[in-house]
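Here's the structure we're looking at; comments come further down.
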Protein chains: 2
Amino acid sequence: MGLTKTQIFNTRQNQLAIIFKVLAHPARIAILQYISNQKECICNDIVDEIGLAQPTISQHLKELKSIELIQGEIEGKKVCYCINLKKWKEVQVLLNTFFDQTKFNCC
Amino acid sequence: MGLTKTQIFNTRQNQLAIIFKVLAHPARIAILQYISNQKECICNDIVDEIGLAQPTISQHLKELKSIELIQGEIEGKKVCYCINLKKWKEVQVLLNTFFDQTKFNCC
DNA sequence: ATTTATTATCGTAATATTGCAATATAAAAA
DNA sequence: TTTTTATATTGCAATATTACGATAATAAAT
């Protein structure tokens with residue numbers, strides 16, 4: 001096994017799980033925090049800041065891009081990574097909806 | 001490798017990542033939704049509801065318990081699992097703080 | 001006391017994730 | 001054109017996660 005049985009869950013449940021999974025790494029949390037506080041957010045600066053190898057950071061950035069939480073704008077040989085504010089807020093609403101929809105009937 | 005370098009991140013970043021990781025599975029999302037909408041939240045009912053084997057559900061419940069999102073009360077040979085409302089709200093606040101603290105200086 | 005019912009734990013196979021060296025790609029600088 | 005700089009991709013080793021059969025543990029029912 002080792003394979004999540006996504007087919008037995010609904011779209012919303014799988015969507016939430018994917019979002020949580022992308023956020024489930026301290027490096028990706030740190031990258032998001034760093035990007036959001038910089039005026040110039042260049043990949044190479046992130047490598048210096050975080051302390052992981054360049055390919056590792058590149059891979060984490062790819063995962064953050066996969067759910068569009070960040071977007072990269074090519075500027076010559078550099079890439080400026082930025083928070084996708086629209087998606088960021090959408091995700092926050094989605095997570096809050098999940099937390100608010102629990103009804104606590106039990107115990 | 002395959003081992004997350006937690007030591008290079010701060011406590012808050014690691015704490016957030018752990019919470020996100022616990023929530024990063026559709027079965028655990030489904031379990032939380034199911035528990036929160038039942039008056040009687042018995043482990044065996046969860047097994048019937050979700051469609052994964054009993055040991056698998058038991059393992060997922062253990063992970064949810066590990067960050068105290070749920071608590072289990074033994075009732076004879078059954079166990080009543082409930083949302084830990086205090087922790088639930090704490091986690092929601094923690095996640096919202098993370099989302100609100102991004103400042104979007106860039107781009 | 002034995003059986004039945006409910007949940008937890010162990011062991012293990014399959015798959016996923018993490019991290020990095022090596023290398024590729026692409027654009028600017030020399 | 002060659003070199004340098006910045007980022008992405010590939011390939012791989014180490015570790016983690018997912019799922020489940022087998023089994024243990026515990027309490028109720030017979």
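Every chain is numbered from 1, with letters handed out A, B, ... down the list of sequences.
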Exercise. Quick check: are there more than 12 heavy atoms from other residues, nucleotides or ligands sitting under 6.0 Å from CD1 of I74(B)?
Worked result: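 Count not over threshold, so no.
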Exercise. For atom NZ of K62(A), is the number of surrounding heavy atoms from other residues, nucleotides or ligands below 6.0 Å larger than 12?
Worked result: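 Incorrect, the count does not exceed 12.
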Whole angstroms only, please: what is the [atom1]-[atom2] distance between [X] and [N]?
| X | N | atom1 | atom2 | result |
| --- | --- | --- | --- | --- |
| I57(B) | dT9(C) | CD1 | C1' | 16 Å |
| K78(A) | dA8(D) | NZ | C1' | 17 Å |
| L61(A) | dC20(C) | CG | P | 14 Å |
| L64(A) | dA8(D) | CG | C1' | 15 Å |
| I70(B) | dA8(C) | CD1 | C1' | 14 Å |
| E75(A) | dA27(C) | CD | P | 14 Å |
| I50(A) | dT18(C) | CD1 | P | 14 Å |
| K5(B) | dA16(D) | NZ | P | 14 Å |

For this session: Answer with base, sugar-phosphate or nothing: what part of the nucleic acid does E63(A) contact at a heavy-atom distance below 4.0 Å?
Result: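 The answer is sugar-phosphate, as E63(A) gets under 4.0 Å only of primed atoms, P, OP1 or OP2.
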Exercise. Touch check for I74(B), heavy atoms < 4.0 angstrom, all strands: base, sugar-phosphate only, or nothing?
Worked result: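 Touches nothing.
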Between [options], which one does the side chain of [X] approach most closely?
| X | options | result |
| --- | --- | --- |
| H25(B) | dA8(D), dT7(C), dA19(D) | dA19(D) |
| V79(B) | dT7(C), dC20(C), dA8(D) | dT7(C) |
| H60(B) | dA6(D), dA19(D), dA8(D) | dA19(D) |
| P55(A) | dT18(C), dC20(D), dC20(C) | dC20(C) |
| Q59(B) | dC20(C), dA8(D), dA19(D) | dA19(D) |

Problem set entry | Residue closer to the 5' end of DNA chain D, K62(A) versus T4(A) (nearest nucleotide) |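 Of the two residues, K62(A) wins.
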For this session: On DNA chain D, check which nucleotide each of L3(A) and T56(A) is closest to and give me the residue with the more 5' one.
Result: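 On the 5' side of the pair lies T56(A).
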For this session: Determine whether T56(A) and Q59(A) make a side-chain contact, defined as any pair of heavy atoms from C-beta on separated by less than 4.5 Å.
Result: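 No. Closest side-chain heavy atoms not under 4.5 Å.
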For this session: Please examine the side chains of L32(B) and I83(B), heavy atoms only from C-beta on, and report whether any two atoms are closer than 4.5 Å.
Result: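 Heavy-atom side-chain distance check passes, below 4.5 Å.
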For this session: On DNA chain C, check which nucleotide each of G76(A) and L52(A) is closest to and give me the residue with the more 5' one.
Result: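 Its nucleotide being nearer the 5' end, the pick is L52(A).
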For this session: Select from K77(A) and G51(A) the residue whose nearest nucleotide in DNA chain C is closer to the 5' end of that strand.
Result: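 The residue whose closest nucleotide sits nearer the 5' end is G51(A).
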Presence of [X] side-chain N/O under 4.0 Å of [N] phosphate oxygens OP1/OP2:
| X | N | value |
| --- | --- | --- |
| N44(A) | dT7(D) | yes |
| Y81(B) | dT6(C) | no |
| K21(B) | dT17(D) | yes |

Exercise. Between the base of dA6(D) and the side chain of Q54(A), is there any donor-acceptor pair under 3.5 Å?
Worked result: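 Answer no: no donor N or O sits under 3.5 Å from an acceptor.
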Exercise. Between W88(B) and F98(A), what is the ring plane arrangement, given parallel below 30°, perpendicular above 60°, and tilted in between?
Worked result: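 Aromatic pair W88(B)/F98(A) classed tilted.
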Exercise. Going by the angle between their ring planes, with limits at 30° and 60°, are F20(A) and F20(B) parallel, tilted or perpendicular?
Worked result: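 Rings of F20(A) and F20(B): tilted, as their planes differ by 30° to 60°.
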